[in-house]
Amino acid sequence: MKKELIVISGPSGVGKKTVVEAVLEKSDQFVLSVSATTRKPRTGEVNGVDYHFLTTQQFREKIKENAFVEWAKVHDQYYGTLIDNLEQAKKRRQHLVLEIDVQGAMAIKKKYGEKALLIFILPPCFEDLIVRLHNRGTELEEEIEKRIETAKLEIQVANEYDYRVINDEVARAAAEIIQIVESSERRKKYEKSS
Ligand code: 5GP
């Protein structure tokens, strides 16, 4: 059975990473695409696990080599999905989760159409997002302001996604995502057979 290509986006601070981790923990049917980036690793982040951390020069070389399915500049840094990730997931017959920004999501939608399932994670309210960004303490004030402005723009694109999931509670949001993916898989299987 063909597996899904799942794109998950959401504003910075919405808790996408935690929700995606909960999805991966709940089901071994899902595998995460490890993106490449030029941003510096945060404390605790591991090269090859959280991201492939590259220099700007290495990233630009990969662009030239057409190694990316999509890439974008987010918060002044490069981020990109490696073609290799898609091929490995296909071989392993798992759903591939791309946790990427809205520019990347739109590029995937253009390229893969119905084959990609786009899910946008929303905060219960915008104020909640601002509090979370301040509380996680991983960015400087100037960086937080930048992320809040980007978040406002990103939320406007949420309607372009196939589904919108509210992260009111991590386990609930993760269960909803698994349900969306499984029912999409069943529907596609049904459409093929009828
Ligand atoms: P962070 O620096 O907080 O890990 O990620 C910043 C933003 O970059 C997030 O919105 C994240 O979804 C996005 N991002 C991570 N990897 C990729 C990627 O491969 N492609 C694109 N287009 N965005 C990415």
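Indexing begins at 1, ligand by ligand and atom by atom, following the structure's order.
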Considering only heavy atoms, does [X] approach ligand 1 within less than 4.0 Å through its side chain, its backbone, both, or neither?
{"X": "E45", "result": "neither"}
{"X": "R39", "result": "side chain"}
{"X": "W71", "result": "neither"}
{"X": "M106", "result": "neither"}
{"X": "E70", "result": "side chain"}
{"X": "K17", "result": "neither"}

Minimum-distance protein heavy atom relative to [atom]:
{"atom": "atom 19 (O) of ligand 1", "result": "S35 OG, 2.7 Å"}
{"atom": "atom 11 (C) of ligand 1", "result": "E99 OE2, 3.7 Å"}
{"atom": "atom 10 (O) of ligand 1", "result": "K16 NZ, 3.6 Å"}
{"atom": "atom 23 (N) of ligand 1", "result": "D101 N, 3.1 Å"}
{"atom": "atom 6 (C) of ligand 1", "result": "Y79 OH, 3.5 Å"}
{"atom": "atom 3 (O) of ligand 1", "result": "R42 NH2, 2.9 Å"}
{"atom": "atom 15 (C) of ligand 1", "result": "Y51 OH, 3.3 Å"}

- side chain to side chain contact (heavy atoms under 4.5 Å, CB included) assessment of R42 paired with E45: CA-CA 5 Å; R42 293 189 187 122; E45 282 184 334; 3.6 Å; yes

- Decide, yes or no, whether a salt bridge links K90 with E87 under the criterion of side-chain N to carboxylate O below 4.0 Å.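 No, K90 and E87 are not salt-bridged.
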
- Message: Between K17 and D50 (salt bridge meaning N to carboxylate O under 4.0 Å), is one present in this structure?
- Response: yes

- So if you build clusters from Ile, Leu, Val, Met, Phe, Trp, Tyr with side-chain heavy-atom gaps below 4.5 Å, do I83 and Y51 land together? no

- Just checking, is any N or O donor in the side chain of S9 or Y161 under 3.5 Å from an acceptor N or O on the other one?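 Yes, a side-chain donor-acceptor pair sits under 3.5 Å.
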
- What's the spacing between I119 CD1 and R164 CZ if we round to 0.5 Å?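 Result: 11.0 Å between the selected atoms.
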
- Note on the structure: Value for NZ (K109) from CD (E114), rounded to nearest 0.5 Å, stands at 9.5 Å

- Query: Mind checking whether A36 has an N or O less than 3.5 Å away from an N or O of ligand 1?
  - Reply: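 By distance alone, the answer is no.
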
- Looking at the rings of F59 and F53, which for Trp means the six-membered one, are their centres under 6.0 Å apart?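 No, they do not, as the ring centres are separated by 6.0 Å or more.
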
